[in-house]
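In what follows, a single structure is set out as structure tokens and then discussed.
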Amino acid sequence: MQRPTLAPLYYLTNFHRALGWISERYGDLLGDQEQAFIAAFQQLPLPSQALLVRLVMRKGPLFLASKLHYPEIGCIRSAAAPLTSVGWLDTKPELSLPQLFQLLTRADLAQALPAGPAGQRKDAWLAELSPQYPEPRPLAAWHPTTSDTVYAMQVTPICERLRLMFFGNLHQDWSEFVLTDLGVFQYEKVPFSPHSRAFQHRQEIDDYLHLHDCRQRLHQGTAITELLDAIPSQPYGNPWLESRRARLLFQLAQQSEADDAATALAIYQRSSHPGARARQVRLLERQQQYTTAYALATAAQQQPESDAELQQLARMLPRLARRLGQAKPAPAPALPAPEQWLELPRPESGQAVELAVRDHLHRIDAPVHYVENTLLNGLFGLLFWPALYAPLPGAFFHPFQAAPADLYRPDFQQRRAAICAQCFAELDSGSYRETLRQRYQEKAGLQCPFIHWPWLTPDLLEQALAAIPPQHLKLLFQRMLADLQANRTGLPDLIQFQAGHPGYRMIEVKGPGDKLQDNQKRWLAYCLAHDLPISVCYVRWQAGSEADTP
DNA sequence: ACGTATAATCAAGGC
DNA sequence: GTGGGTACCG
DNA sequence: GCCTTGATTATACGGTACCCAC
Ligand SMILES: [Mn+2]
Ligand SMILES: [Mn+2]
């Protein structure tokens, strides 16, 4: 593929585009600090602007002047000077010993510090010296003979905030621009109004940043109690932020489960994250508070948050009932799934069991494909493309989105009811086949969370269109749409296309020691209830086909 | 909605 | 030297 | 049988420069 050649300062151009974008849409949500930053940035000499952007895109926050080489910028020190005078770079930061170790190479450190035993690891050396050097110092104090300079980035918080405002998340970064220009990422072009933006209130941005900070501290091992104090005790009004708060609480509770079950319980109670209630029941059970556990479980059963929760409750309730001496509830009926047992020679090369079964079942007139979730997700993405990329207010707000912002919100389908109905109607009329072929041609390569293009080959698509009855597709898609997040996984490993009716069958492969997962059981139950051809294939290895692993 | 996560799978141990 | 992990690049 | 835990794999842009540890 031919890559367009880029202007030397392409990244600066991109950053200007971003700043302009933000200024246009967020004028009312920018604080004095951010406004001043944007204004002052434009006043800087170009090499200084370029250097700042380079550093913003790097890890930092500390950089050695001698390690910065940018031909398009030229002299780093002259480019840096204006940045230090506005206070965006600090040239004399106090460095802790660990920071010094991160910044300098082994060889450089050896000139500044007493050497340890030969061949000592860098981290051991640091550990050994740490007690002797508790105080931070400027580089010149650590290493008097060096002529090097350290630059410490001072504007990370502002730049992070701007990035968040642009993308509506913090996992995308400014390289999206160049990667898209190069065609590495291709996004569907969705029209949206010039005032579309990820946030409507400054408080939402603050809240997002605050939660993000708490999450990072959780990951760094900050004490749970400290974080609990930091996280708002009341739900956010914004459902999107509230789900993030709930998830953070859930993770907090998870962390506390091991050493403080009571705290964990209390935190789960405050979280509306999926599964939080089931964890409460489980923890209560573990604490032998069977009455409370049973009460919560039965209440949950009356108003389950999901099939997944019902599934968990159905396992816990009989145990709890037994503990409480209640009448033994009827055992859950086993899934009446067709089963098949195979005894196969263990593949030479440690080949996956799914592939072994695929090859065993494969017939010239009944080909088998190892597809897992990719086939159905792919077909779904193709058919519902107009719904996924419908220009609804608030769904799209920058050009680098692979999906609408509300994809996994419960009202996704509801908000697009008419379009979804049209997509379903194509299954009834039969026009979907031509639509999907066309759409595959048209959209191949574009980022879409449901389509892994390399797996969904034209050949596989054709076979699926020929074999799977549209009414079956309809049933499968209906379940997906009911919960796009939960129901995009758990689909069977293999699909076999065959003559006659229904024209295909789905097969979940289970090797020795493997069991059906919850999400697989849910798909299994759904397919059985709707007469969709599904089965489970259990595999044993032939004795002597290969020595067991010790 | 990529907290370098979910996925799925395998293995082992506890009740 | 080599291999592995990380950061950076476009 | 159920539940947990941890390990382990793959993918997610692909290539390269650099540093470190062995
Ligand atoms: Mn599988
Ligand atoms: Mn399987």
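Residue numbers start from 1 in every chain, and the chains themselves are labelled A, B, ... in the order their sequence lines are given, proteins ahead of strands.
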Near-ring test A/Tyr389/A/Tyr187, centroid separation under 6.0 angstrom: no
Nucleotide C/dA7, atom P - distance to CG of A/Leu62 in whole Å: 14 Å
Side chains of A/Tyr268 and A/Glu257, donor plus acceptor under 3.5 Å: yes
P-based separation of D/dT5 from C/dC9 [nearest Å]: 42 Å
Pair A/Phe199 and A/Trp240, ring centroids less than 6.0 Å apart: yes
B/dC2: syn or anti, per glycosidic angle within 90° of 0: syn
Rounded interatomic separation in angstrom, taking CG from A/Leu68 and C1' from C/dC8: 12 Å
Protein-nucleotide distance (A/Gln311, atom CD; D/dC2, atom C1'), rounded to Å: 13 Å
d(CZ, A/Arg286; C1', D/dT4) in whole Å: 8 Å
Sugar-phosphate only, base, or nothing, as touched by A/Arg323 at under 4.0 Å among non-hydrogen atoms: nothing
Euclidean distance for P, D/dA7 against C/dC8 (whole angstrom): 29 Å
Minimum-distance pair of heavy atoms, taken over all atoms of A/Cys214 and A/Leu248: CB-CD2, 3.7 Å
A/Tyr70 vs C/dC8: side-chain N/O to OP1/OP2 distance below 4.0 Å: no
Pairwise C1' distance, B/dG3 and B/dT9 [rounded to whole Å]: 23 Å
Base-contact (B) and sugar-phosphate-only (S) positions in nucleotides 17-22 of chain D, heavy-atom cut-off under 4.0 Å, - elsewhere: --SSSS
Nearest heavy atoms of A/Lys122 and A/Phe101, plus distance in Å: NZ-O, 2.8 Å
Lys/Arg cation over aromatic A/Trp125: A/Arg121, 6.0 Å, 45° cone: no
Same-atom distance (P) from B/dA5 to C/dA7, integer angstrom: 15 Å
Sugar-phosphate only, base, or nothing, as touched by A/Met316 at under 4.0 Å among non-hydrogen atoms: sugar-phosphate
Distance-only polar pair, side chains of A/Asp108 and A/Thr105, donor-acceptor under 3.5 Å: yes
Length of the line joining A/Gln102:CD and C/dG5:C1', which is rounded to integer Å: 14 Å
Rounded distance in Å - CD (A/Gln186) to P (D/dC13): 12 Å
Flag for A/Asp173-A/Ser175: side-chain donor and acceptor within less than 3.5 Å: yes
Nearest-angstrom distance, C1' atom, C/dT2 to B/dC10: 33 Å
Nucleic acid footprint by protein, nucleotides 1-10 of chain B - heavy-atom cut-off 4.0 Å, B for base, S for sugar-phosphate alone: BSB---SSBS
Short side-chain donor-acceptor distance under 3.5 Å, A/Glu372 and A/Trp455: no
Touch class at under 4.0 angstrom, heavy-atom based, for A/Leu179 against every strand present: base
A/Leu182, nearest nucleotide to its side chain (from C/dA7, D/dT4, C/dG10): C/dG10
Pair A/Trp174 and A/Phe400, ring centroids less than 6.0 Å apart: no
Rounded interatomic separation in angstrom, taking CG from A/Leu283 and C1' from D/dT4: 12 Å
Base orientation of C/dG3, syn vs anti, 90° cut from 0: anti
Presence of A/Arg322 side-chain N/O under 4.0 Å of D/dG1 phosphate oxygens OP1/OP2: no
Integer-rounded Å distance: C/dC9 P and A/Tyr11 OH: 9 Å
Between D/dT8 and B/dT4 - C1' atom distance, rounded Å: 15 Å
Any A/Arg319 side-chain N or O less than 4.0 Å from OP1/OP2 of B/dC15: no
Base-pairing mate for B/dG3 - Watson-Crick or G-U, with both contacts under 3.5 Å: none
Side-chain donor-acceptor contact under 3.5 Å, A/Glu343 with A/Tyr538: no
Same-atom distance (P) from D/dG15 to B/dC2, integer angstrom: 25 Å
Pairing partner (Watson-Crick or G-U wobble, both distances under 3.5 angstrom) of D/dG15: C/dC8
